[in-house]
Protein chains: 2
Amino acid sequence: MRRNMDYNKKTKIILVDDNFDHLLGIRELLNLETNFEVIATATNANIAINLVKKYQPDIVLMDINMPEKDGLSAITEIEHLNLGVKIISLTGYDDPDLIFRAMKIGAKGYILKTMASAQLIYAIEEVMQGKIYLPAGLSSRFFEYFQKSFKDESVSNQNQENLLQYLTQREDEVLELLTQGVTYKGVARQLFISETTVKTHVNNIFQKLQVNDRTQAVLYALNNGFKNRKKLKMAI
Amino acid sequence: MRRNMDYNKKTKIILVDDNFDHLLGIRELLNLETNFEVIATATNANIAINLVKKYQPDIVLMDINMPEKDGLSAITEIEHLNLGVKIISLTGYDDPDLIFRAMKIGAKGYILKTMASAQLIYAIEEVMQGKIYLPAGLSSRFFEYFQKSFKDESVSNQNQENLLQYLTQREDEVLELLTQGVTYKGVARQLFISETTVKTHVNNIFQKLQVNDRTQAVLYALNNGFKNRKKLKMAI
DNA sequence: TTTTATCTAGATCTAAAGATTGATAACAAA
DNA sequence: TTTGTTATCAATCTTTAGATCTAGATAAAA
């Protein structure tokens with residue numbers, strides 16, 4: 001830990017950018033810093049992944065806009081290696097969706113190519129200290145996008161009331177099992193009641209949720225905050 | 001817009017904090033600023049909501065740790081009023097879960113009571129300009145929490161491969177309809193094929209996903225990144 | 001050209017799901 | 001006490017769902 005405090009060990013950096021000139025520019029810039037060392041460069045994501053496996057750098061500066069394999073999936077692959085390599089994303093645009101996805105899959109920082117070199121150096125230092133670095137402007141971008149995601153959801157759910165509230169405790173338990181793909185027989189076994197009783201409950205659930213079959217009931221439950229899913233979910 | 005550029009109009013602020021002394025302290029501090037005006041204070045969330053309705057301030061400084069109705073649900077209620085009121089959260093702790101939830105429900109900023117008064121003033125100015133303000137430390141906290149949420153998920157899914165990849169295009173379309181709760185007959189109608197063909201596809205889907213019925217297939221699809229859900233989802 | 005994958009579809013069958021009606025018991029609220 | 005809610009169960013019936021086997025058409029790959 002605190003490797004950057006160790007005067008004998010420089011921060012090992014790998015650069016990934018499909019633009020070779022840009023690659024050289026950043027390398028020169030970073031090598032001016034006495035405690036940084038660019039140990040390898042790549043113009044292609046697949047090569048980059050192999051270099052990371054081989055050299056296990058401290059930091060990877062990853063351009064996200066690349067042909068063939070894109071930077072985002074490269075980040076995902078590197079993250080799955082679990083080498084503790086810290087990845088900082090680099091792009092030309094401040095597209096909030098890109099920022100969001102990069103941060104989601106584990107990038108420790110995100111900076112624009114247009115930003116001052118001092119900011120790049122600062123970002124690397126911060127990330128090396130275990131922090132996550134987003135410049136104020138990008139951070140603002142990120143949060144707007146983040147909040148919008150949730151707002152859309154709450155707006156669409158706020159119009160019609162949540163019908164789940166009308167379920168009785170027993171109906172709740174039955175629905176819980178339905179959301180696990182259990183059959184009538186299975187529900188009966190697990191709740192120690194007869195199958196016909198289960199059918200009665202299920203029919204009542206259908207009426208209360210205004211649906212016609214178990215699949216729709218399960219979908220309603222999942223889309224309206226039924227227990228079950230405890231983690232963040234996001235489409236690709 | 002750009003109200004803070006208008007020299008005739010001060011930024012109207014409402015303070016909410018159950019600690020009366022603290023309330024007075026902040027009010028004095030903010031009133032020293034010539035372009036700020038604390039138009040009301042409240043020691044209770046319900047009163048605060050009524051004050052917001054009545055005076056429609058630019059900014060609400062909301063303490064989150066309050067008895068009775070807590071600050072988070074107060075924020076939610078104010079957001080649902082859709083008055084464009086900008087809310088900045090205020091607490092004693094940098095609990096990442098609290099920060100995450102506050103930002104999720106629409107807080108435009110988050111600062112600690114222990115932070116310097118200059119930072120509070122800066123936060124208000126930034127938020128008044130339409131930005132979202134999180135001090136670097138809290139921002140880092142937020143992102144760690146944010147990334148952890150996604151990491152837990154990807155780790156649990158990474159063990160077994162995603163079986164959805166083996167579905168053919170047609171099977172994909174059928175499953176898509178299943179995840180909307182459509183019956184065999186309905187799928188047949190929508191895809192202009194016979195019901196028996198649908199059954200054939202569905203059986204193939206079951207085998208590929210290693211499930212026994214449509215409910216389980218739908219659950220598998222939703223839990224493994226199938227299209228459909230386009231928004232963030234989070235448990236309560 | 002043969003093989004393979006995909007989409008299509010029919011026939012047949014069993015099992016499960018779902019609708020409906022009616023009934024008993026417990027319990028709490030009015 | 002009556003009324004309402006909830007949970008339980010039976011009987012009956014219709015409709016889907018699902019399994020299995022077979023098979024033709026097409027297009028791409030080997």
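Order of the sequence lines sets the chain letters (A, B, ...), proteins ahead of strands, with each chain counted from 1.
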Assign Ser194(B) to base, sugar-phosphate, or nothing according to its heavy-atom contacts below 4.0 angstrom with the strands shown.
sugar-phosphate

Minimal heavy-atom distance between Leu120(A) and Leu30(A), with the atoms involved, is CD2-CD2, 4.2 Å

Rounded to whole Å, NZ of Lys199(B) lies from C1' of dA17(C) at a distance of 13 Å

From CD of Gln216(B) across to C1' of dA17(C) the rounded distance in Å is 15 Å

Problem - Ionic contact status for Arg141(A) with Asp94(A), cut-off 4.0 Å - result: yes

Walk me through it: do Leu81(B) and Lys53(B) pass the test side-chain contact (heavy atoms from CB on, under 4.5 Å)? CA-CA 8 Å; Leu81(B) 295 176; Lys53(B) 285 183 192 165; 3.8 Å; yes

To the nearest angstrom, the OH-P distance between Tyr166(B) and dT6(C) comes to 13 Å

Here the distance between atom C1' of dT6(C) and atom CD1 of Ile193(B), to the nearest Å, is 12 Å

**Prompt:** Are Phe100(B) and Phe146(A) close enough that their ring centers fall under 6.0 Å?
**Reply:** yes

Counted 5' to 3', the first and last nucleotides of DNA chain D within 4.0 Å (strictly under) of a heavy-atom of chain A are dT6(D) to dA10(D)

Axis-to-axis angle across the helix from dT1(C)-dA30(D) to dA30(C)-dT1(D), five pairs each end, nearest 10 degrees, ~ 40°

Between the side chains of Ser194(B) and Thr197(B), does any donor sit under 3.5 Å from an acceptor? yes

Separation of dA19(C) atom C1' from Glu195(A) atom CD, nearest Å, is 15 Å

To the nearest angstrom, the CD-P distance between Gln169(B) and dA5(C) comes to 18 Å

message = Classify Thr196(A) by what it touches in the nucleic acid, base, sugar-phosphate, or nothing, heavy-atom distance under 4.0 Å.
response = base

To the nearest angstrom, the CG-P distance between Asn212(A) and dA19(C) comes to 7 Å

note: Arg214(A), atom CZ; dA16(C), atom P; distance rounded to Å ~ 11 Å

Output for pair (Ile75(A) CD1, Met103(A) CE), nearest 0.5 Å, gives 9.5 Å

Practice problem: Ignoring hydrogens and angles, tell me if any N or O in the side chain of Ser140(A) forms a donor-acceptor pair with the backbone of Ile132(B) under 3.5 Å. | Solution: yes

Per the under-4.0 Å heavy-atom filter, residues of residues 200-211 of chain B near DNA chain D come out as Asn203(B), Phe206(B)

Worksheet item: Is there a side-chain contact between Ile87(A) and Lys108(A), using heavy atoms and a 4.5 Å cut-off?
Response: no

Which part of the nucleic acid, if any, lies within reach of Thr197(A) when heavy atoms closer than 4.0 Å are counted: base, sugar-phosphate only, or nothing?
base

Check: residues 181-190 of chain B side-chain donor-acceptor pairs under 3.5 Å, at least two apart:
residue	atom	partner	partner atom	Å
Thr183(B)	OG1	Gly186(B)	N	3.1

Contacts of Ala102(A) meeting side-chain contact (heavy atoms from CB on, under 4.5 Å) (sequence neighbours excluded), chain-then-number -> Ile64(A), Leu72(A), Ser89(A), Ala107(A), Tyr110(A)

Hits for side-chain contact (heavy atoms from CB on, under 4.5 Å) against Thr200(A), two or more places apart or cross-chain, chain-then-number order -> Asn204(A)

